There are 2 protein chains.
Amino acid sequence: MLETINERPAMPAVPAATGSITSNGGAQKRRAGRPSAAVLDKSGITAAALELVSRKGYEGLTMAALARVLDVAPSALYNHVASKQDVLLLVEDHLMSLVDVSGFGAGSWEDAVRTWAWSYRDVFAEHTPLIPVIAVLPVTDAPQTLAMYETVSKGFSDAGFPRERIVPAIVALESFIFGSAYDVTAPEDIFESGSMADSTPHFTAAVRSSAGQERGRPADTAFSLGLGALVSGLGALRTT
Amino acid sequence: MLETINERPAMPAVPAATGSITSNGGAQKRRAGRPSAAVLDKSGITAAALELVSRKGYEGLTMAALARVLDVAPSALYNHVASKQDVLLLVEDHLMSLVDVSGFGAGSWEDAVRTWAWSYRDVFAEHTPLIPVIAVLPVTDAPQTLAMYETVSKGFSDAGFPRERIVPAIVALESFIFGSAYDVTAPEDIFESGSMADSTPHFTAAVRSSAGQERGRPADTAFSLGLGALVSGLGALRTT
DNA sequence: CCACTAAATGAATGCCGTTCATTTAGTAGA
DNA sequence: TCTACTAAATGAACGGCATTCATTTAGTGG
């Protein structure tokens with residue numbers, strides 16, 4: 001019965017951004033002698049990178065293309081970011097503000113986790129090239145990411161999780177979410193065994209059988225199944 | 001009590017390879033006029049790529065470097081593979097033969113899944129750049145991968161899984177495994193919130209608390225926790 | 001010995017991220 | 001108003017990358 005309590009939440013998985021790209025957080029200290037009309041700043045670079053990605057995908061996100069969008073020479077970008085990796089970090093942190101954490105503090109812990117997990121997966125399914133970046137990104141450099149973790153941690157704590165289990169539980173859920181985000185991008189026929197079908201009878205039968213019965217995308221079925229297992233398994237760790 | 005039944009299996013996670021790199025499966029049809037002493041073939045390219053990766057990592061795996069290892073001009077590689085992506089595919093499929101599926105058919109379904117999952121994660125934790133490749137790789141082109149799926153599918157089927165649930169269950173486990181493989185590569189201090197610690201009290205407390213109590217790598221704790229939840233949750237789908 | 005062919009060659013191409021000496025243009029203080 | 005200072009933009013260059021292609025090399029069946 002896992003799937004019946006684990007349907008996708010009805011709320012939009014990707015609600016309006018809570019963190020808009022307006023400024024770089026006041027970190028920029030205006031000092032003597034500085035020209036007032038800087039063409040570039042981190043928030044502008046972030047916005048341009050996001051627009052470029054949505055139009056051309058991540059292969060289209062090059063420093064040259066980014067500079068062209070901003071009507072600037074490629075080398076000018078290096079006055080504001082240290083590397084292309086830095087640009088990816090900016091984008092990644094912004095995306096974290098799109099993840100829906102509104103369920104924490106509102107309803108049950110289970111519902112909150114499900115809403116969070118679905119929207120988290122949906123956001124990064126569109127941005128899988130950033131997933132390797134996240135794995136290496138120290139949260140210090142990523143205020144929006146840190147804000148998300150704070151909200152989620154509080155939600156777990158309030159739900160009765162022992163403090164020392166909170167981080168491992170979140171990490172386990174995130175691992176599942178990132179892997180599932182890749183899964184969304186897989187071609188539909190990825191499991192067609194083709195000419196070797198004869199030598200893999202069990203697998204071929206399983207593939208055919210699941211393909212027949214599916215409502216919606218295969219990736220959604222697997223995500224729903226795994227998320228249900230994780231929510232009930234991890235939920236059992238609560239002490240209250 | 002999840003963790004007590006979910007300890008890492010005592011068996012070596014990465015046993016001796018069952019599939020050695022010896023030939024290209026007899027796919028090469030010798031025809032009239034062909035010179036007998038070809039310097040290159042797919043298995044040789046795979047072995048060289050693997051050696052290169054283990055010595056220099058994936059940044060070191062370039063077509064030029066690969067050609068140098070094989071004592072050949074870079075362009076010569078293109079007589080045997082269509083692209084660098086093709087090389088990655090060859091490597092990826094070989095790695096699948098290193099995943100330990102010996103538990104299926106031997107002990108309980110739970111133990112078999114745990115052994116498989118730990119070794120699967122361990123193999124790809126050393127090869128995270130291949131994870132995006134797997135997501136797009138049709139199994140047709142990957143005989144070792146297909147062989148693994150066949151063994152695992154049979155294991156699930158014999159354990160009493162309804163046919164239509166087998167593929168989604170495997171996909172859910174794999175998603176968790178891939179995400180967890182990234183987690184292994186994360187720096188230890190990735191969650192140090194640094195100067196922003198004051199504004200994230202719950203998260204900071206959770207991080208400190210888990211860091212204190214950990215036996216072994218943090219990634220292992222999270223993997224153990226999530227795997228336990230998945231195994232018990234998915235195991236409940238069995239009908240016998 | 002010839003005709004054929006798989007395979008290796010090496011030069012060239014185009015794109016990439018990045019560097020750096022130089023120029024531009026605004027501002028604060030005299 | 002002039003001068004000194006500085007952040008930011010410039011454009012040419014660099015080295016590395018995957019990939020292409022006309023050409024050469026060297027075995028083999030007829």
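This is a predicted model, so every value here is computed, not measured. To find a chain, count down the sequence lines: A is the first, B the second, and so on, and within it residues start at 1. Values below: all heavy atoms of this structure, side chains included; hydrogens, waters and symmetry mates excluded.
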- Round to the nearest Å and state the distance from A/I45 atom CD1 to D/dA8 atom P. 10 Å
- Could you state the CG-C1' distance from B/L77 to C/dT9, rounded to the nearest angstrom? 12 Å
- Query: Taking only residues two or more places apart in sequence or in another chain, which ones pass ring pair (Phe, Tyr, Trp, His ring centres under 6.0 Å) with A/F191?
  - Reply: A/F203, B/Y149
- Item | Sugar-phosphate, base or nothing in reach of A/S75, heavy atoms under 4.0 Å | base
- Could you state the atom-to-atom distance from NZ of B/K42 to P of C/dA7 in whole Å? 11 Å
- Starting from the 5' end of DNA chain C, give me the residue, A/E59 or B/P74, whose nearest nucleotide shows up first. B/P74
- Of the nucleotides D/dT10, D/dA18, C/dT18, which has the atom closest to the A/A73 side chain? D/dT10
- Query: What nucleotide among D/dC17, D/dA9, C/dT18 has an atom nearest to a side-chain atom of B/T62?
  - Reply: D/dC17
- Message: Do the side chains of B/R55 and B/E51 get close enough for a salt bridge, i.e. N-O under 4.0 angstrom?
- Response: yes
Report, one line per pair, each donor and acceptor closer than 3.5 Å where one atom sits in a side chain of residues 57-65 of chain B; sequence neighbours left out.
unit_1	atom_1	unit_2	atom_2	d
B/Y58	OH	B/H127	ND1	2.7
B/T62	OG1	B/A65	N	3.0

- Would you indicate which nucleotide in C/dT9, D/dA9, D/dT20 comes nearest to any side-chain atom of B/Y78? D/dT20
- Item | Nucleotide of C/dT18, C/dC16, D/dA9 approaching A/H80 most closely (side-chain heavy atoms) | D/dA9
- What integer distance in Å separates B/L61:CG from D/dC17:P? 11 Å
- Item | Carboxylate-amine/guanidinium proximity below 4.0 Å for A/R121 and A/D220 | yes
- Task: Write down the distance between CE (A/M63) and C1' (D/dC14), rounded to a whole number of angstrom.
- Result: 16 Å
- Message: Side chain of A/V72, heavy atoms from C-beta onward: which of D/dA9, C/dT9, C/dG17 has the nearest atom to it?
- Response: D/dA9
- A/R68 CZ to D/dT10 C1', in whole Å, measures 18 Å
- Item | Residue pair B/L52 / B/L66: nearest heavy atoms and the distance that separates them | CD2-N, 3.6 Å
- Item | Length of the CG-P vector between A/D71 and D/dA8, whole Å | 18 Å
- Rounded to whole Å, the NZ-P distance (A/K84 to C/dC15) equals 15 Å
- Looking at D/dA7, does its base get a donor-acceptor pair with the side chain of A/N79 below 3.5 Å? no
